[in-house]
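Okay, so here's the structure we're looking at.
Residue numbers start at 1 and run along the sequence shown. In each ligand, atom 1 is the first atom listed, and ligand 1 is the first ligand listed.
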Amino acid sequence: MLRSLFLSLGLARLALCATHNWDVTWVNAAPDGFNRPVIGINGKWPPPTLEATVGEELTVVVHNKLGNETTSVHWHGLRHFQKGTMDGPAGVTQCPIPPGGKFTYQFTVDEPGTYWYHAHNGGQYPDGFRAPLIVKDKAAPWAGKVEAEYTITLSDWYHEQMPTLLKNFQSTANPIGAEPIPDSVLINDGKDATYPVKAGKTYLFRVLNIGAFPSFFFNVAEHEMQIVEMDGEYTEPTPVKTFYIGAGMRYSFLLTAKTNATKNFDISALVDTSMFSVPANFKGNPVAHASLQYGSNTTAPVGRTPADLLPAILPPYDDATIKPLSGEKLLGPVNQQVEINFDLATINGLSRARINNITYLQQKVPTLYTALTAPDHLKMNPKIYGVNSNPIPVKYGDVVELVINNFTPGGHPWHLHGHKFQTVARSLGGVLNNGTRYNSATAPLPPVPMKRDVVGVRGGGYTVIRFKADNPGVQLLHCHIEWHVAAGLTATIIEAADKLDFKIPHDHLEVCKKQGILTSGNAAGNSRNFEDLTGANIDIPTSDMGAIFRKRRRVRRQIEGDGKW
Ligand SMILES: *[C@@H]1O[C@H](CO)[C@@H](O)[C@H](O)[C@H]1NC(C)=O
Ligand SMILES: *[C@@H]1O[C@H](CO)[C@@H](O)[C@H](O)[C@H]1NC(C)=O
Ligand SMILES: *[C@@H]1O[C@H](CO)[C@@H](O)[C@H](O)[C@H]1NC(C)=O
Ligand SMILES: *[C@@H]1O[C@H](CO)[C@@H](O)[C@H](O)[C@H]1NC(C)=O
Ligand SMILES: *[C@@H]1O[C@H](CO)[C@@H](O)[C@H](O)[C@H]1NC(C)=O
Ligand SMILES: [Cu+2]
């Protein structure tokens with residue numbers, strides 16, 4: 001009786017939805033001691049950690065009050081199942097939100113776990129617009145077993161702002177594409193975070209790499225971590241000494257506090273400086289520290305050095321050995337296999353990334369809007385999306401296998417929007433395992449593959465992933481290193497565009513109109529003849545900051561005449 005009364009008053013529903021109003025503005029912050037403008041929310045930085053419960057509807061109304069930059073928000077890891085209008089990448093599923101503009105994101109979070117949100121517009125998020133998004137679950141495998149839950153963010157940090165860093169990076173003065181090197185690395189956007197624990201109790205830690213570029217080795221002194229979640233996917237409990245976490249990835253682990261500790265313990269995130277073009281040019285402390293604090297003793301433990309950490313790091317453990325708790329079996333048979341061959345090339349004097357010889361360029365109409373407005377018989381024709389969006393159509397219900405071949409010597413964390421995917425094969429690296437290509441006919445495939453939404457592809461190696469195309473929409477596939485996104489390391493999965501069953505909300509179209517951006521037509525904005533791509537974006541922008549960067553030209557390991565990466 002009481003229940004039906006609540007229902008009729010709409011209270012039951014109220015409990016399951018939350019509205020957040022965000023004023024996005026510049027604020028000042030000094031997370032590593034250096035004061036600089038950063039992008040905050042409602043006057044605060046770091047931006048708030050969003051918390052939701054699985055099944056809840058979230059509404060976030062974004063008011064862009066930056067004054068001088070456009071923005072957009074991506075909900076990293078949320079799949080927006082069969083509702084792809086809220087995913088966030090500007091130029092892909094929406095127009096950028098102009099200064100003064102308002103934009104409503106509204107979606108139901110249907111999967112529990114550790115996610116994050118970040119700006120997805122012109123390389124903006126490393127200026128501070130990123131934070132965790134935690135989807136709680138009363139039925140989580142650790143429910144009732146943990147004393148408390150903690151969230152730990154890791155990131156690189158820069159004193160210069162992204163627009164300047166990006167201009168210098170994509171400049172003819174930097175033809176080998178040396179990435180900007182961070183000034184420091186942070187835990188929880190600051191220094192000396194402490195995590196109080198009580199003897200004998202178990203805690204859940206959620207660790208997120210919300211950075212722009214490097215990976216980290218994460219270790220807690222003299223404590224074992226039991227991994228229970230990766231990228232929102234519950235895993236079989238897996239004990240590890242250290243894990244390696246690339247940009248965009250998340251790991252949750254259980255840690256049981258000692259019963260007889262007489263001191264506090266160092267928590268370390270060691271940045272992988274080998275990813276930097278010249279490791280010695282990183283001038284910060286390569287280890288970000290926090291402390292595991294026992295009882296009332298508030299004295300910080302002695303922070304460990306990279307040399308101290310080395311024994312715990314080697315040999316590097318392989319995340320592919322961690323299985324999803326669901327036991328989900330290898331998807332198959334494969335209906336469509338796509339090769340993603342990526343490399344570097346100097347185009348118009350700029351260091352660009354290419355996928356199958358094409359560098360990604362945003363098109364004149366957001367790709368989702370092209371899909372929604374194209375005639376039915378052309379929706380799955382890649383041509384209409386523009387050759388430089390690297391469009392890959394996949395059919396509804398198909399098991400798709402992506403073979404990602406890395407023709408650069410560096411490792412890259414690849415992210416797919418709209419799905420958690422299975423990783424079915426990964427080579428050790430070296431120029432495609434010394435000439436051995438992935439062969440689906442002979443490769444030994446795991447019966448239960450690991451599942452996540454960002455996966456490492458080793459330098460000169462391959463990683464093979466599978467997913468079921470059950471989420472019609474436009475899903476980006478890209479390296480999560482923000483510099484590489486700027487250099488064009490992105491493809492666009494045109495997922496069952498012939499089965500799209502949603503409409504664009506009015507305020508989404510409004511922000512386009514305000515800026516004169518077309519909301520219908522092919523990649524070139526032609527809505528009369530979708531097969532005429534005249535005017536589509538095919539030219540690499542030539543930005544050249546010139547002299548400043550030229551002075552700091554770096555000598556780097558070269559491969560086949562290209563840069564390192
Ligand atoms: C926008 O304004 C902020 C705050 O004054 C400033 O720090 C930032 O550099 C500006 N951005 C651009 C692209 O001019
Ligand atoms: C705490 O107990 C463990 C396990 O019994 C033992 O190995 C360790 O030496 C003890 N440590 C201290 C500081 O007493
Ligand atoms: C408190 O913790 C510090 C750091 O681990 C340790 O050096 C010190 O011995 C501890 N003090 C006490 C009274 O347990
Ligand atoms: C890429 O271009 C090169 C020549 O520039 C050509 O040899 C190669 O076959 C092309 N590869 C693909 C996948 O189109
Ligand atoms: C590839 O071959 C080279 C030369 O034979 C060898 O030094 C290297 O270890 C090999 N790499 C892999 C990943 O097998
Ligand atoms: Cu990359």
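- Checking atom 14 (O) of ligand 2 against the protein gives a heavy-atom contact under 4.0 Å.
- Of the protein's heavy atoms, none falls inside 4.0 Å of atom 7 (O) of ligand 3.
- Considering both main-chain and side-chain atoms, T262 never comes within under 3.5 Å of ligand 2 through any nitrogen or oxygen pair.
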Going through the distances and angles, do F421 and W414 end up as a ring pair (Phe, Tyr, Trp, His ring centres under 6.0 Å)?
CA-CA 11 Å; F421 50 78; W414 278 74; over 10 Å; no

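- The ND1 atom of H484 and the ND1 atom of H412 meet at the Cu ion (ligand 6) at an angle of about 100°, given to 10°.
- Side-chain atoms of D87 do not come within 3.5 Å of backbone N or O of G418 as any donor-acceptor pair.
- For the ring-ring contact (aromatic ring centres under 6.0 Å, His included) with W116, the qualifying choice from H74, H415, H480 is H480, the only one to do so.
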What verdict does the ring pair (Phe, Tyr, Trp, His ring centres under 6.0 Å) test give for H478 and H417, after you've listed the backbone C-alpha separation in whole Å, the side-chain angles of each residue and the deciding distance to 0.1 Å?
CA-CA 9 Å; H478 62 93; H417 292 218; 5.3 Å; yes

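- For atom 1 (C) of ligand 2, the closest non-hydrogen atom of the protein is N260 ND2, 1.5 Å.
- Protein heavy atom nearest atom 4 (C) of ligand 3, with residue, atom name and distance: T299 O, 3.7 Å.
- Under the 4.5 Å side-chain criterion, counting only non-hydrogen atoms from C-beta, H76 is not in contact with Y115.
- The environment of NZ in K191 is sparse: at most 12 heavy-atom neighbours from other residues, nucleotides or ligands sit within 6.0 Å.
- Among protein heavy atoms, the minimum distance from atom 3 (C) of ligand 3 is reached at N297 ND2, 3.6 Å.
- Under the 3.5 Å distance criterion, with hydrogens and angles disregarded, no donor-acceptor pair is assigned to the side chains of T194 and S291.
- Which parts of ligand 3 touch N264 is read off a 4.0 Å heavy-atom cut-off, strictly below it: atoms 2 (O), 4 (C), 5 (O).
- With 2.8 Å as the limit, H480 does not count as an N, O or S neighbour of the Cu ion (ligand 6).
- Using a 30° and 60° split on the angle between ring planes, Y125 and H118 fall in the tilted class, from 30° to 60°.
- Near K263, meaning under 4.0 Å from any of its heavy atoms, are these atoms of ligand 3: 2 (O), 5 (O), 6 (C).
- The presence of a protein heavy atom under 4.0 Å from atom 11 (N) of ligand 2 is confirmed.
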